Every structure is written in C-alpha cells, then in structure tokens.
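What follows is a single structure, written as structure tokens, with notes after it.
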Amino acid sequence: MFLPKAPAKRRLMMRFWAFFLSYLGLAFVVGRQNVDDRWSAYALAALPALPLVAIIAALAFYLVEEDDEFLRARMIESLLWGLAAVLVISTVWGFLEALAGVPRLPLHWLFPAFCLAMGIADLAGRWRYR
C-alpha cells in the first residue's frame, strides 16, 4: 500500500484504512444478521457507524496535525468534492426513484461513495498541482 512521505498524511492513511476496513467488516457481518428484537436491530444497525465516526475524526485530526497550509487546503478541497459528489448522487437518485421508478439506492453506500469521490479529488489535486 502506498504511504505518503509527510508524517501527518501517513498517519491519516493508516488510520483511514484501519477504520475503513473495520467498517467493511462490520457492514458485511451486520448485513447478514437476522434479528427479531427491535432494540437489537437498532444496536446492530448503528454498529457500522462507529468506524465512520472514527474516519471523520481521523480526517479532522489530519487537518489539525498538518503543518503545510497548502496540503491542508488541498484536503479541504477534496473533502468538499467528496461531499458534493454524495449530495449530487443522492439527489439525482432520489428523483430517479420518484420519477423513473429506478431501484432504491441503499443509503449505506453513500459513505463509501464519499470516500471514493474524495480519493479521486485528492488524486486530481495532486495531478493539478504537481
């Protein structure tokens, strides 16, 4: 796996991948459960959100730890592009559900879509400012 040279970015990537892989594992396990009790279902449904909160915290820690203002601004730009992508995808898909009868979009795919869009924006930023 590619690890950046900058210490703050390296810590972010290590934290991100650890939490993202734990999210995928929890989402896989929770998605296969068949629970009859309502409160157990609520607890299980909330469980995969814990690594997502940790990822968001890791991103916030990165913004605090990064000394280079340019790299910090590039990360904020990537975060905004990721957020914009998720908002546009969910809005367009919502209208497609209502107007065209397309299948319902499972909402648990929005955070991975955010991470993917943010990663693509980060790569585009690296290319743009090379």
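Computation of the quantities below employed the complete heavy-atom set of this structure, encompassing side-chain atoms and omitting hydrogens, waters and symmetry-equivalent molecules. Quick caveat: nothing in here was measured; it's all calculated off a predicted structure.
- For the pair E66 (side chain) and D68 (backbone), a donor-acceptor distance under 3.5 Å is present.
- At least one side-chain heavy atom of W93 sits under 4.5 Å from a side-chain heavy atom of V102.
- Taking every heavy atom of both residues into account, S78 and A121 meet most closely at OG-C, 3.7 Å.
- Environment of CZ in F70: crowded, with over 12 heavy atoms of neighbouring residues, nucleotides or ligands closer than 6.0 Å.
- Contact check for L59 versus M118: side-chain heavy atoms found under the 4.5 Å cut-off.
- Using cut-offs of 30° and 60° on the angle between ring planes, the pair W17 and F20 is perpendicular.
- The hydrophobic clustering, which links ILVMFWY residues whose side-chain heavy atoms are closer than 4.5 Å, places L71 and L80 together.
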Output a table of donor-acceptor pairs, distance under 3.5 Å, between side-chain atoms of residues 40-52 and any protein atom two or more places apart or on a different chain; print 'none' if there are none.
| unit_1 | atom_1 | unit_2 | atom_2 | d |
| --- | --- | --- | --- | --- |
| S40 | OG | D37 | OD2 | 2.9 |
| Y42 | OH | R38 | NE | 3.2 |

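- Between V86 and A113, the shortest heavy-atom contact is CG2-C, 4.1 Å.
- Residues satisfying the ring-ring contact (aromatic ring centres under 6.0 Å, His included) criterion with Y23, sequence neighbours excluded, are absent altogether.
- Sorted by first then second residue, the salt bridge (Lys or Arg N to Asp or Glu O under 4.0 Å) pairs that include residues 75-104, not counting sequence neighbours, are E77-R128.
- Legend: residues meeting side-chain contact (heavy atoms from CB on, under 4.5 Å) with L63, ordered by chain and number and at least two apart, are R72, M75, I76, L79.
- With hydrophobic clusters built from ILVMFWY side chains whose heavy atoms lie under 4.5 angstrom apart, L110 shares a cluster with L24.
- Atom-to-atom distance recorded for M13:CE and K9:NZ is 5.0 Å, nearest 0.5 angstrom.
- The CZ atom of F114 sits 12.5 Å away from atom OG of S90, with the distance rounded to the nearest 0.5 Å.
- Here the side chain of T91 pairs no donor or acceptor atom with the backbone of V88 at under 3.5 angstrom.
- Hydrophobic clustering, defined by side-chain heavy atoms of Ile, Leu, Val, Met, Phe, Trp and Tyr closer than 4.5 Å, leaves W127 isolated from every other such residue.
- The residues R15 and E65 are annotated as salt-bridged, a charged nitrogen and a carboxylate oxygen being separated by less than 4.0 angstrom.
- Aromatic ring centres of Y62 and F16: separated by at least 6.0 Å.
- Minimum interatomic distance between A58 and L12 (heavy atoms only, all atoms of both residues): O-CD1, 3.6 Å.
- Among residue pairs with one or both ends in residues 40-61, none qualify as salt bridge (Lys or Arg N to Asp or Glu O under 4.0 Å); sequence neighbours excluded.
- Looking only at side-chain heavy atoms (C-beta outward), I55 and F111 come within less than 4.5 Å of each other.
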